[in-house]
Amino acid sequence: MVPVILLYGAGAIGCTIYKWLKPFHNKLTLLARKRTAESLRTNGLGVYEDSEENLSRISNVDIIESLDELTEEPDIIVITVKNYSLEEVCNTIKEYYQKKPPLIVSLQNGVENLTVLPKYFSRIIYGVICYNAWRDSPDMIGYKEKGPILLGTPDNSLLNEMKMVQTVFQKGFSCDITLKYRDAAHNKILLNISNSFFTLLGVGFQKIDSLDKFRILTTSITYEGLKVLKKGGIKQVKLGSLPSWTLLKTAAILPGFITNPIFKKTIEKSSGINSMAQDLLINENSNTELESLNGYLLKFAKDAGFDAKINQKLYDICKQEFSKENFQPLKIDTVWNEFQEVL
Ligand SMILES: NC(=O)c1ccc[n+]([C@@H]2O[C@H](COP(=O)([O-])OP(=O)(O)OC[C@H]3O[C@@H](n4cnc5c(N)ncnc54)[C@H](OP(=O)(O)O)[C@@H]3O)[C@@H](O)[C@H]2O)c1
C-alpha cells in the first residue's frame, strides 16, 4: 500500500522534501498558507542546490490550504512548521482527525516537540534535520546537500513505522534511523545555538569586520555548549556531514592562524542563511526559535549544574535585540565588547 502523505508547512524544509520526493511518491500533498499557496500555484516551486545556476522548477504543485481539500485521508502527516507554530497546527490536525489520527512525523530543531506533540497524538516519529535550506521567496528555495534526516523516537518505539517512513523518504533523499534520538536532537541543538549569534551579526547580510573576533566568539559559544551537553550526559552522534565534536573542540583550542582557514570553510559550508535570520531579517517576523534552542540549552545547563556564562550572555543580548521593533544586526566590535566580561 502506498501511504498518503501530507507535508504540513510549505517553508524551506517542507518544500525541499516535496521537491525531492514528489517524482517518486505520487500520493504527496503540500499544505501551505494562503500567500505561499498562491505564489506556488502561480510560479511553481523552484529549488536549487547551492546557487541559482542549479535551479529546477516544477509546476502543478499539489497544494491545499486546508485539510478539507484533501481527497484521501492521510496515513502520514509530516509537520514542517517551526516550534512556535506547533501548538496551533497540532490542534488543527487533532480536531480534524479525531476518529483516525494519522502517524505524525515531526521535523523541528530542538526538543520542544517532544513535549508538545504527545499532548495531541499517540503515534509520533521525530526527525533531526541535518541539512540547511532557506527561502529566497515563497516559491524559491535553496539548500545545501540532499539530507540526511535522522528519524527516531525517545524510547525507540514505532520501529516498523520508522522503517516504512525511511523507505519512502529514501526514494528522494538520504534518511536514516537513529536509536539514540535524544542524543541526536541535543547534538543538533549544539550546532543550532550559533544561529542566533550569526543572526545577531547579520552573517550573509553584512560584512563581518574581524574574522578573529568572529571565530573566537563562535567557537567559545559552541565549545561551552559542548561542555554543557557532556556534563548533562549527552553522547556524540554523527549528523551527516555536519561538524563533529572533535572539530568543534579543535576549532576552539588551536591558535587562529591554524584554525581561521578551516573555520572560514566550515562556516561557508554549514551556515547558508540560517532559519532564525530568515525569520528576523527576511520575513521580518518577530517570532524566532531562540527560546526553544538557546533558552533550552540554558535550562539544560542549569539542570546539569553548569554555569553557561557565555551562552547566557548570548541569549540575553539576542533576547534584547531581537525584540526591537526593527531589528538591525550589530557590528562584531559591539558584540565583542559585550562578551568581554564572560570570556
Ligand atoms: N531551514 C533549515 O535549514 C532547517 C534545518 C534544520 C532544521 N530546521 C527546522 O525545521 C523546522 C522548519 O523550518 P523551516 O526552515 O522550513 O521554516 P520556514 O521556512 O519558516 O517554514 C515554516 C512553514 O510553516 C508554515 N506555517 C506556519 N504556521 C502554519 C500554520 N498554522 N499552518 C500552515 N502552515 C504554517 C509557514 O507558512 P508561511 O509560508 O505562510 O510562512 C512556512 O511555510 C524548524 O523547526 C527549523 O528549526 C530547519
Side-chain angles (χ1 to χ4, degrees), residues 1-9 12-31 72-83 86 89-90 93-94 97 100-133 143 145-192 234-242 292:
M1 183 197 89
V2 179
V4 176
I5 304 181
L6 174 67
L7 290 166
Y8 203 115
I13 298 302
C15 284
T16 44
I17 295 179
Y18 182 89
K19 173 73 167 52
W20 297 335
L21 212 50
K22 189 64 180 175
F24 309 101
H25 195 90
N26 192 32
K27 293 189 171 188
L28 182 68
T29 305
L30 190 58
L31 186 144
E72 272 185 279
E73 290 228 334
D75 300 297
I76 304 170
I77 296 188
V78 184
I79 303 181
T80 51
V81 300
K82 283 186 167 154
N83 285 300
L86 265 184
V89 165
C90 288
I93 299 172
K94 188 180 175 178
Y97 297 109
K100 195 183 155 214
L103 174 68
I104 300 289
V105 178
S106 172
L107 300 181
Q108 282 75 37
N109 274 328
V111 286
E112 195 174 327
N113 53 3
L114 295 177
T115 351
V116 175
L117 274 98
K119 292 192 277 177
Y120 298 89
F121 309 108
S122 56
R123 294 188 310 141
I124 314 152
I125 295 172
Y126 299 88
V128 178
I129 302 165
C130 308
Y131 67 92
N132 192 25
Y143 70 90
E145 298 191 16
K146 226 174 183 177
I149 289 179
L150 294 187
L151 300 175
T153 55
D155 56 359
N156 292 333
S157 58
L158 300 176
L159 258 181
N160 286 337
E161 286 86 343
M162 282 199 271
K163 282 181 191 156
M164 184 263 287
V165 174
Q166 182 195 24
T167 305
V168 174
F169 280 5
Q170 273 181 333
K171 290 179 187 158
F173 57 92
S174 160
C175 177
D176 295 310
I177 292 173
T178 176
L179 298 181
K180 294 179 177 168
Y181 183 76
R182 186 168 176 272
D183 286 332
H186 282 82
N187 275 241
K188 186 66 202 304
I189 289 174
L190 175 63
L191 298 175
N192 285 134
I234 299 295
K235 301 279 180 280
Q236 178 169 202
V237 172
K238 186 159 171 35
L239 301 178
S241 65
L242 298 179
S292 44

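Note that these values count all heavy atoms, side chains included, but never hydrogens, waters or copies made by symmetry. None of the values given here were measured: they were computed from a predicted structure.
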What closest approach, in Å, do Gly110 and Ala185 show between heavy atoms, and which atom pair accounts for it?
O-CB, 4.3 Å

Identify the heavy atoms of Lys163 and Thr167 that sit nearest to each other, and give their distance.
O-OG1, 2.7 Å

Do Tyr97 and Pro74 have side-chain heavy atoms sitting under 4.5 Å apart?
yes

Mark yes or no for whether Lys22, through its side chain, and Leu28, through its backbone, hold a donor-acceptor pair below 3.5 Å.
yes

Value rounded to 0.5 Å, distance of CD in Glu161 from CD1 in Ile125:
6.0 Å

Heavy-atom side-chain proximity of Glu112 to Leu86 below 4.5 angstrom
no

Counting N and O atoms only, with roles assigned by atom type, does the side chain of Thr80 sit under 3.5 Å from a partner on the main chain of Gly9, one being a donor and the other an acceptor?
yes

A side-chain contact here means heavy atoms from C-beta on lying under 4.5 Å apart; do Lys188 and Leu242 qualify?
yes

Reported CD1-to-CD distance for the pair Ile13 and Gln108, which is rounded to 0.5 angstrom
10.0 Å

So Val4 and Thr29, do their side chains get closer than 4.5 Å, heavy atoms only?
no

Report the relative orientation of the aromatic rings in Trp20 and Tyr143; use parallel for angles under 30°, tilted for 30 to 60°, perpendicular for over 60°.
perpendicular

Pro148 versus Gly240, closest heavy-atom pair with distance:
CG-CA, 3.8 Å

Ignoring hydrogens and angles, tell me if any N or O in the side chain of Asp183 forms a donor-acceptor pair with the backbone of Lys235 under 3.5 Å.
yes

Heavy-atom closest pair, residues Pro3 and Asp75
CA-OD2, 3.3 Å

Checking the side chain of Asn83 only, and the main-chain atoms of Ser292 only, is there a donor and an acceptor separated by less than 3.5 Å?
no

So, do Ile93 and Ile79 sit near enough that their side-chain heavy atoms are less than 4.5 Å apart?
yes

Test log, rule side-chain contact (heavy atoms from CB on, under 4.5 Å), inputs Ile124 and Leu114
CA-CA 9 Å; Ile124 314 152; Leu114 295 177; over 6 Å; no

Test your reading of the model: is there a side-chain donor-acceptor pair from Asn113 to the backbone of Leu107, 3.5 Å cut-off?
no

Any donor-acceptor pair under 3.5 Å linking the side chain of Thr178 with the backbone of Leu151?
no

Say you draw a straight line from CG of Leu158 to OH of Tyr126; how long is it, rounded to the nearest 0.5 Å?
9.5 Å

Do the non-hydrogen side-chain atoms of Asp176 and Gln166 ever get within less than 4.5 Å of each other?
yes

Side chain His186, main chain Val111, donor-acceptor under 3.5 Å
no

Enclosure of Lys100 NZ (heavy-atom neighbours >12, cutoff 6.0 Å)
no

Using a 4.5 Å cut-off on heavy atoms from C-beta on, say whether the side chain of Leu190 contacts that of Ile234.
no

Considering non-hydrogen atoms only, spot the tightest contact between Tyr181 and Gly152 and give its length.
CD1-CA, 3.7 Å

Evaluate the side-chain contact (heavy atoms from CB on, under 4.5 Å) criterion for residues Ser241 and Glu145: first the C-alpha distance (whole Å), next the side-chain angles of each, then the deciding distance (0.1 Å), finally the verdict.
CA-CA 9 Å; Ser241 65; Glu145 298 191 16; 2.8 Å; yes

Working to the nearest 0.5 angstrom, can you tell me the gap between Ile104 CD1 and Lys94 NZ?
11.5 Å

The reported gap from SG in Cys175 to CG in Leu150 (rounded to nearest 0.5 angstrom) is 8.0 Å

Once rounded to the nearest 0.5 Å, what's the spacing between atom NZ of Lys146 and atom NZ of Lys19?
7.0 Å

If you look at every heavy atom in Leu21 and Gly172, which pair is closest and at what distance?
CD1-N, 3.8 Å

Among Leu30, Val168, Leu7, whose side-chain contact (heavy atoms from CB on, under 4.5 Å) with Val78 holds?
Leu7

Does any part of the side chain of Ile76, heavy atoms only, come nearer than 4.5 Å to the side chain of Val165, both counted from C-beta?
yes

